[in-house]
Amino acid sequence: MLNYKRYRKNPVVVYPERQWPGREIEKAPIWCSVDLRDGNQALIDPMVVSEKIEMFQYLIKLGFKEIEVGFPAASQIEYDFLRQLIERKMIPDGVRVQVLTQCREELIDRTFESIEGCKEAIVHIYNSTSTLQRDVVFGMDREQITDIAVKGTQMVKERAAKFPGKIILEYSPESFTGTELDYALEICTAVQETWGATKENPIIINLPSTVEMNTPNVYADQIEWMNRHFKNRESIILSVHPHNDRGTGVASAELSILAGAQRVEGTLFGNGERTGNVDIINIAYNMFSQGIDPDLHIEKVNEIIEIYERCCKMPVHPRHPYAGKLVFTAFSGSHQDAINKGVKAMRERGSEYWQVPYLPIDPSDIGREYEPIVRINSQSGKGGVAFIMDTYFGFKLPKGMHREFANVIQAISEVKGEVSPDEIMEAFREEYLQKKEPIHFRRLRVDDLSGETQSEFDTGVLVKYTDNGIEKSFEAVGNGPLDAVQRGLQVELGSKIKILDYEEHALQSGANSQAAAYIHLLDADSGKVTYGVGVSSNITRASVRAIFSAVNRLGLGEK
C-alpha cells in the first residue's frame, strides 16, 4: 500500500480577490527559449558547439527574440559557444542573448567577459529563496539570502555601467513556488530598487515554478498576487519559468499569463530537468487554435521535430500534443465517423473556419497534410474506412455500403492489426472491382429504340460475357441500359434480381477521367443484398460492371 501519510499538502494562497479566472489570453507573451541552457543541461548527451549553433540559428528562424544561450562562467563549452556567436556576428539585430550566472563576483566577471562585443544581452542572476532551501541547503535566514541577491545586482550594475552594449537584468528567486509570498516580494523589490529599474530601463523579474508543488491555479494566484503588489509595476517585465513535475506546466504557464505574466521561458517540446520545462510549442499551438497569432513561425512541425530530435538525441512522444505522430490520428470508429462527417460538412458549406470534431486544428496548417488522420485497426468503424477510400483514393462509397465494406476490413484487422490505406484499397479491388468470376462482363452495345417499336421499353442492349470461361451473350430491352441489363441477367441466371439503389461519381477530372458506379442489388429469391462497383471512362459501362460485380458477390453465377 502506498504510504501517502509520509507527505503533506503544500500550502495554497489565501487570495479571494483573484481576477485571473475571468480573463482570456488575447496575445502571445514575450517568448524566451532556454533550450540551449536549461534544456541542454538536462540531456543525456549534451549538445556540442556545432549542434548548439544549429539550434541557435533554428530558434531565430522560429522567431525567438530572446534566447538563453548558457551558463558561460561555469562551462568552457558554453563560453566558447557564445564567443563564436559574437565573433562570427551570428546574433541578428533585435535578438537578445541571455546568460545565466550565480551572484558570485568571479562568475559575474567571467560572464561579462563572455558577452564582450555583444550589442545587447540579458544577464540572468538567481539565488534560491524557498523555505526548505534556506533551511537545509544554505542554513541562512531571509536577510542573508536577500543580501546575496542585492550584492549580485550591485556587481552586475557596476559592470553594466562600463559595458559598451545594453545590459538588461533578469532576476529569479529560484524555487519561487516554495517561497513565502511576502518574502518573494521583499527580495524582488530589493533587487528592483538596487538596479534602479524604470519604465525606460525595466528589469525582468522571473518567477519560476522550479518544482511544481501544487495545482496550476495556485501558481496563478501566486503570480497575480506578486503582479498586484509590485511597486513601480511599469518598471518590471513579469516573466514565468514553469517546470512540469506534476504534468501541468502548460496549464501553469497559460494561467500565469491570465494572472499578469508578460513573458514565458521554456523549451521546444518541454525538454528540461526531471519531467521538463514548459513546452513553448504546445502553448503556441494552443493560441493558434484559438485564432491568436502565436508570434512564432511554427508552420512546419515536422521540421521542428527533425532538428530537435537530431540535436537533443531525444524522441518526441507519439502522443505529444500537436507534434506526436498519432495526435491527429483516429482509430475509434465513432471518432472516424465524426471526422468524416465534419470534413464533408466543411467542404459542402465552404466554411472559412475550421470546425471538425476531434481535430482542434487542421493538421495541414502545421505541415501534417501527408500524415493519416484516420488509421484503421480492429477498433475502427465504417466511417473510418469510408474516409480512407474517399481521402486517399477518391471513392465516395454510398452510405449503405459503409458497413458492408467495413466488415471486410474488420476481418482483416482482427488477424493482422492495423490495416494501411494501400491494404484497404487492395481489399476493395479484390472484393468489388475484380469480382469478375464466374460471370465476366466483356462488351456492351446500347440501342435507342424510341419510336421504333410499340414496346413500352425504349432501350435495347447486347451484352457479351463469359460464364466460367465460356463465351455467352444476351439481348434485352428495358427503360434504360441498366434496366435492360438487369432484365437480361434475370433470364440468363434464372434469378429474380432488383436494383435497389444506384450512385455514380467522377474519380478524376480531365480528358482521361474515369467514373465509379455503385449498384445495390437484391436477390429476391434468397433475400440477400450486396453492393457491386465498376469503374470505366464510360459511365454506362462502369454501371454494367457494377451489376456484374454485385451478381458475383451474391454468388448467382454459381447456380
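In this text, all values refer to a predicted model and were calculated from it rather than measured experimentally.
Under a 4.0 Å N-O distance rule, the pair R228/E224 qualifies as a salt bridge. Using a 4.0 Å cut-off between a side-chain N of Lys or Arg and a carboxylate O of Asp or Glu, K52 and E54 do not qualify as a salt bridge. Salt-bridge formation is not detected for the pair E306/K300: no Lys NZ or Arg NE/NH1/NH2 atom is positioned less than 4.0 Å from an Asp or Glu carboxylate oxygen. Between R142 and D182, at least one side-chain nitrogen of the basic residue sits less than 4.0 Å from a carboxylate oxygen of the acidic one, meeting the salt-bridge criterion.
Sorted by first then second residue, the ring pair (Phe, Tyr, Trp, His ring centres under 6.0 Å) pairs that include residues 229-270, not counting sequence neighbours, are W225-H229, H241-H243, F269-Y308, F269-H320. Identified under the salt bridge (charged side-chain N to carboxylate O under 4.0 Å, His left out) test for residues 209-223, with sequence neighbours left out: R18-D221.
Atom CG of D293 sits about 10.0 Å away from atom CZ of F288, to the nearest 0.5 Å.
Checking Q192 against Y171 by side-chain atom types alone, no donor-acceptor pair falls below 3.5 Å. No hydrogens or angles considered: a donor-acceptor pair under 3.5 Å links the side chains of S364 and D362. With no hydrogens or angles considered, a side-chain donor-acceptor pair links E180 and T131 at under 3.5 Å.
Shown here for N277 and G39, the closest heavy-atom pair between the two residues is ND2-N, 4.3 Å. Across all their heavy atoms, E423 and E418 have their closest contact at OE1-O, 4.1 Å.
Formation of a donor-acceptor pair under 3.5 Å by the N214 side chain with backbone atoms of N10 is found in this model. The backbone N or O of F71 sits nowhere less than 3.5 Å from a side-chain atom of T101 that would complete a donor-acceptor pair.
In this structure, the side chains of I30 and K65 stay at 4.5 Å or more apart for every pair of heavy atoms. Residues Y219 and T248 have side chains not in contact (no heavy-atom distance under 4.5 Å, counting atoms from C-beta outward). For the pair D80 and Q76, the minimum side-chain heavy-atom distance is below 4.5 Å. When side chains are defined from C-beta on, R37 does not count as touching E265, because their heavy atoms never get closer than 4.5 Å.
Cation-pi check for R110 over Y79 is met; the charged atom lies under 6.0 angstrom from the ring centroid and within 45 degrees of its normal. A cation-pi geometry, defined here as NZ or CZ lying under 6.0 Å from the six-membered ring centre and within 45° of its normal, holds between R134 and Y183.
Applying the salt bridge (charged side-chain N to carboxylate O under 4.0 Å, His left out) criterion to E309, with sequence neighbours excluded, gives no partner residue.
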